[in-house]
Structure formats: structure tokens, C-alpha cells
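Inspection log for the structure reproduced underneath, given as C-alpha cells.
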Amino acid sequence: MKEVYVLGLGYVGLPLAIEASKNGFSVTGFDINSRKIQNLKRGICGDNKISSDTLLKLQKDSSLVFVSELPKTQTSSIFIIAVPTPLDEKRNPDLRYLRQACLKISETIADGSLVITESTSYVGTLRDFIMPLVEKFSTANDLHFAVAPERIDPGNVKWDISNTPRVVGGITKHASNLAADFYSVFCNQVIQVSSPEVAETSKLLENTFRQVNIALVNEVATLAKTFNISMHEVVDAASSKPFGFMEFRPGIGVGGHCIPVDPVYLSYTGDRNNIQMELVKLSNSKNYSQVKYVLNHLISLFKGSISGRKIQIVGIAYKRNTSDVRESPAIELIYELRKLGAIVVWHDPIVKEFKDEKSQSLQSEIDLGVILTPHDGINFEAWSGIKDKLVDLSSGKQILGLSKFF
Ligand SMILES: NC(=O)c1ccc[n+]([C@@H]2O[C@H](COP(=O)([O-])OP(=O)(O)OC[C@H]3O[C@@H](n4cnc5c(N)ncnc54)[C@H](O)[C@@H]3O)[C@@H](O)[C@H]2O)c1
């Protein structure tokens with residue numbers, strides 16, 4: 001199968017579409033965001049760091065096209081789902097985008113095609129949600145289904161699509177082989193597992209592993225505070241053990257589309273099967289409550305009221321050197337501070353704009369400066385005269401000689 005349709009052109013779908021088109025596939029990228037499609041056609045990719053030249057060249061060669069409407073396909077093709085699987089307002093799995101994508105595929109899919117999902121979801125999604133939905137509304141026969149969870153780490157320059165091993169699990173052995181054949185073209189290592197459920201569970205385990213360990217470090221960090229010791233120094237010391245320990249850093253919480261979200265899909269799988277995943281749920285709430293913990297500390301700095309105080313936050317993306325603000329605890333902290341009447345501005349040269357607000361340059365006329373996500377290249381010189389008004393909640397290199405909060 002040489003024709004590939006990618007549904008959802010975000011952090012996951014766009015790099016995949018590019019990689020497949022560079023490797024001999026004829027790729028159609030589809031997204032419900034028509035503005036995104038217009039921009040991609042003009043070589044503008046937004047959040048993904050893909051060059052305009054690459055986008056324009058692949059389109060000129062006709063190996064990649066971007067569409068706002070999926071055409072009806074005539075030949076068996078590969079359909080890849082890379083749409084969001086977020087949480088709803090009650091922090092439960094929200095499968096509406098996945099449902100829409102399945103319905104779209106069912107309208108266009110031809111006999112003998114392969115559907116692969118890269119979207120992270122609860123264990124059993126391929127077998128009891130995606131496959132039945134596509135089959136129910138499609139007239140095509142002999143369809144194949146597989147899971148191939150994406151492991152991309154946006155901003156990571158060492159590990160990318162080609163050198164990160166790809167786990168693949170098909171409903172049938174044949175589906176698994178078809179998916180493995182596809183990924184083998186541009187991935188160095190493809191690991192076929194015995195079922196889609198193994199692939200789905202492994203993906204959720206990977207990110208829940210991070211959530212649980214970050215929660216543990218955050219909990220021990222509160223203990224370190226009472227001993228007046230640095231948690232970073234503790235982690236540095238523990239990391240000197242050459243085996244059996246992995247480094248995680250304390251912080252204001254977890255963000256992005258994966259760590260705060262995927263463990264909820266795992267515990268949701270537990271709930272569906274009458275298994276209480278208490279450790280997972282506790283870790284989720286521990287990390288979620290870090291904003292309140294930090295907030296209380298900031299309030300305590302003012303002794304009186306925080307209302308009317310001017311506070312500047314540095315870095316509102318959840319992760320250094322990315323513009324990703326999804327589930328960012330910085331946004332939550334700003335919201336909580338404003339609820340208490342604080343006047344909050346922020347500086348983030350990568351995010352630049354969020355909702356109706358713009359990044360503001362570093363100001364020294366403030367009551368408090370809070371360093372959350374110090375992207376490379378931020379110049380803190382403007383704050384060198386107000387070090388007594390700064391709190392550094394970040395990990396990594398020392399800034400202006402300040403001690404870290406954790
Ligand atoms: N971002 C990561 O680091 C990462 C890593 C591994 C796995 N994942 C998983 O991959 C999936 C996609 O995540 P992402 O980060 O790329 O999301 P994203 O928000 O960056 O992009 C998703 C895109 O899908 C589009 N979309 C929504 N519904 C659609 C539909 N019905 N049809 C076509 N397009 C649609 C959106 O407009 C958006 O452009 C999620 O399940 C996520 O959990 C993400």
C-alpha cells in the first residue's frame with residue numbers, strides 16, 4: 001500500500017506525514033482545522049519545528065498534499081489516526097475527536113485498507129471502539145486494524161521518529177505485519193507485540209511510569225523542605241547510583257498532552273474493568289495539587305494580602321524550549337493568582353501569545369518574579385537588581401545565582 005492518509009496534523013501527525021512522504025509514500029494530510037491546512041499549504045507549520053522548505057518541497061514533488069476534506073479513496077490505503085485524546089471538563093477521557101476521525105474514515109475507506117491508530121487511548125480502544133465504528137458505517141470489506149502508539153518527545157533532538165523503536169499490535173497477525181511493513185520503511189526498529197491491547201497498555205504504562213515517579217519526587221520534596229535540604233541535590237546524589245534508579249525532578253506539576261492525561265486513560269481502563277488503580281489516581285492528584293502547594297508558598301511570601309501585587313511569571317509552556325501550553329501548570333498558577341487579586345504578567349519568548357495575552361519583556365518594577373520554564377536564550381539581566389524578589393521553581397542550570405525552590 002503506497003497511499004497514506006493522516007488524520008490530525010499536530011505534534012504527532014505532521015512529522016509522521018513528512019517522514020512517510022520522504023520515504024516513497026504518497027501522503028494526504030487531513031485536519032479539521034482549515035486554517036492549519038491553509039498555513040501548511042503555504043509552508044507554515046506553527047508549533048512543529050519543520051522547515052518551510054521541507055513542507056513546500058514535498059508538496060511540489062506531489063508526495064504530500066494537505067486537504068480540508070478527505071477524498072473518497074479507490075485503492076486500498078493506510079489510514080493513520082493522530083487526533084487528540086484529551087480529558088473533558090470533569091477530567092474524564094474525551095473521545096469525541098477519535099469518533100469523528102473514525103466516521104470520516106468510514107466514509108472514504110476502500111476495500112483491503114489498513115487503519116492504524118497512533119492516538120493514545122484506553123486499553124481496548126482499537127477493538128471495541130475504532131474497529132466497530134469504522135466497520136459499522138463503512139461499505140468497504142476486508143479491513144485491517146492496528147495500534148502503533150506514538151512516542152514522540154517534542155523538542156527532543158536526539159530521539160525522533162526514525163530512531164525511536166515503534167511498537168505495533170494488530171487485531172490479526174496480518175494487520176500487524178502490514179503495519180510493521182509500513183513503519184519499517186522509516187523506523188530503525190519495529191517491535192511487533194501479540195495484540196493491540198499489549199501495545200495500548202505499554203503506551204499507557206510508559207507515561208504513567210513518569211507520572212508516578214514525578215509524584216514520588218514531589219512528595220519527597222515536601223519532606224526535603226522541612227529538613228531545609230535541596231531536593232535537586234538529593235536527586236543528584238541518588239542519580240549517582242549507576243543502576244536501578246532513574247532521575248526525575250520536582251516541579252510545579254506536569255503538563256502537555258501526555259503525562260497529565262494518559263494515566264487517566266489507564267485508571268479509566270481500570271474503572272471499566274472494576275479495578276481500582278489507586279496508585280495511578282493518587283499520583284495524578286499529587287501532581288495536580290502541586291500548583292496549590294506552590295501557590296500557598298507564594299502567598300506566604302507576602303505575609304499580608306497578595307491582592308494588587310504585581311507578579312511576573314517566566315515561561316508558561318509546560319516544557320523548556322517548546323511552545324506547548326496544553327495542561328501547563330503555569331496557566332493554572334496564573335489563573336489562581338489572579339483569582340486572589342494579583343496582577344500577573346508573563347514572559348515567554350516562544351509562546352509569545354496565549355488567548356488574548358502577549359508575552360511581556362522582563363520587568364523590574366514587580367513585587368515578585370517566578371521562574372517556571374526558563375527557555376534557552378532568555379536573558380535575566382533585567383532581574384539582576386531584584387534577586388530578593390525572585391523564586392526559581394525550575395530545575396537545571398542556576399539563574400542569577402539564585403537557589404532553587406525545590
Ligand atoms: N504530543 C505528544 O507529545 C504526543 C506523544 C505521543 C502520543 N501523543 C498522542 O497523539 C495524539 C495526537 O496528539 P498531538 O499532540 O499530535 O495533538 P495536536 O493537538 O497537536 O494535534 C491534533 C490535530 O488533530 C486535529 N483534529 C482533531 N480532530 C480531528 C479529526 N476528527 N480529523 C482530523 N483532524 C482532527 C486537530 O485540529 C489538530 O491539528 C493524542 O492521542 C496524543 O495523546 C501525543
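Remember, it's 1-based here, ligands and their atoms both numbered in the order they're listed. In this chain, residues are counted from 1 in sequence order. Only heavy atoms go into these numbers, but all of them, side chains included; no hydrogens, no water, no symmetry mates.
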Considering only non-hydrogen protein atoms, determine which one is nearest to [atom] and report residue, atom name and distance to 0.1 Å.
| atom | answer |
| --- | --- |
| atom 13 (O) of ligand 1 | His257 CD2, 3.7 Å |
| atom 18 (P) of ligand 1 | Arg326 NH1, 3.5 Å |
| atom 10 (O) of ligand 1 | Val12 CG2, 3.4 Å |
| atom 32 (N) of ligand 1 | Phe30 CE2, 3.5 Å |
| atom 41 (O) of ligand 1 | Thr85 OG1, 2.5 Å |
| atom 37 (O) of ligand 1 | Asp31 OD1, 2.6 Å |
| atom 2 (C) of ligand 1 | Cys258 SG, 3.8 Å |
| atom 26 (N) of ligand 1 | Ile32 CG1, 3.7 Å |

Nearest heavy-atom contact between Ser113 and Ser76 is OG-CA, 3.4 Å
Residues Gln211 and Pro260: closest non-hydrogen pair is NE2-CA, 4.2 Å
### Task
Before accepting this row, confirm whether a basic side-chain N of the pair Lys60/Asp53 lies closer than 4.0 Å to the acidic partner's carboxylate O.
no
If the cut-off is 4.0 Å to any non-hydrogen atom of [X], which atoms of ligand 1 fall inside it?
| X | result |
| --- | --- |
| Gly10 | 16 (O), 18 (P), 20 (O), 21 (O), 23 (C) |
| Ser119 | 11 (C), 41 (O) |
| Ala82 | 12 (C), 22 (C) |

- prompt: Below 4.0 Å from any atom of ligand 1, is there a heavy atom belonging to Glu150?
  reply: yes
Practice problem: Please say whether the positively charged group of Lys41, taken as NZ for Lys or CZ for Arg, lies over the ring of Phe66, i.e. under 6.0 angstrom from the six-membered ring centre and within 45 degrees of the axis. | Solution: no
Q) Are any of the N or O atoms of Lys203 closer than 3.5 Å to those of ligand 1? A) no
